[in-house]
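Below is one structure, written out as structure tokens, with a few remarks after it.
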Amino acid sequence: MSRWQIEFQEVVFTYPDGNKAIQNISFQIARGETVGIVGANGAGKSTLLQLLAGLIWPNAGEIRVGEVSLTQKNLPQMRQKIGFTLQEPDHQLFMSSVYDDVAFGPRNYQ
């Protein structure tokens with residue numbers, strides 16, 4: 001069993017407009033470890049988390065959760081372990097209450 005809960009290995013992501021957001025980043029986060037991601041606007045914080053959530057896919061490299069590589073095939077199973085909340089509340093809420101917004105995913109999971 002791996003001691004790493006989250007692992008990025010040589011991950012690269014470039015937006016379609018050519019903006020290189022993530023360039024060969026590697027790190028490991030151990031089970032139970034708390035990590036803060038900080039940086040200036042445009043540093044790649046949101047991109048990094050979108051990659052982890054499978055909202056976007058790396059151009060190169062590997063993302064592992066536990067001992068499993070994140071792939072489009074196993075994304076539904078991974079999303080049972082990974083949550084993502086947008087930074088801007090107006091972009092997140094689409095139901096009439098926070099409860100209904102949070103409950104939307106589990107209610108509609110298939």
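FYI, the numbering just counts along the sequence from 1.
- Closest non-hydrogen pair, Lys73 versus Gln77, comes out as O-OE1, 3.9 Å.
- For the pair Leu70/Leu52, no side-chain contact is recorded, criterion being any heavy-atom separation below 4.5 Å from C-beta on.
- At least one side-chain heavy atom of Leu48 sits under 4.5 Å from a side-chain heavy atom of Phe8.
- When all heavy atoms of Lys45 and Ala40 are compared, the pair lying nearest together is NZ-O, 2.9 Å.
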Solution key, residues 55-64 side-chain donor-acceptor pairs under 3.5 Å, sequence neighbours excluded:
| unit_1 | atom_1 | unit_2 | atom_2 | d |
| --- | --- | --- | --- | --- |
| Asn59 | OD1 | Thr14 | N | 2.5 |
| Glu62 | OE2 | Arg64 | NH1 | 3.1 |
| Glu62 | OE2 | Ser69 | OG | 2.1 |
| Arg64 | NH1 | Ser69 | OG | 3.0 |
| Arg64 | NH2 | Glu67 | O | 2.4 |

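- In this structure, the side chains of Phe13 and Ile25 stay at 4.5 Å or more apart for every pair of heavy atoms.
- Under a hydrophobic clustering in which Ile, Leu, Val, Met, Phe, Trp and Tyr are joined whenever their side-chain heavy atoms come within less than 4.5 Å, directly or via other members, Ile22 and Phe27 fall into the same cluster.
- In this structure Leu49 satisfies the side-chain contact (heavy atoms from CB on, under 4.5 Å) test together with Ile37, Phe84, sequence neighbours excluded.
- Within 6.0 Å of atom CG in Asp17, more than 12 heavy atoms from other residues, nucleotides or ligands are found, so the atom counts as buried in its surroundings.
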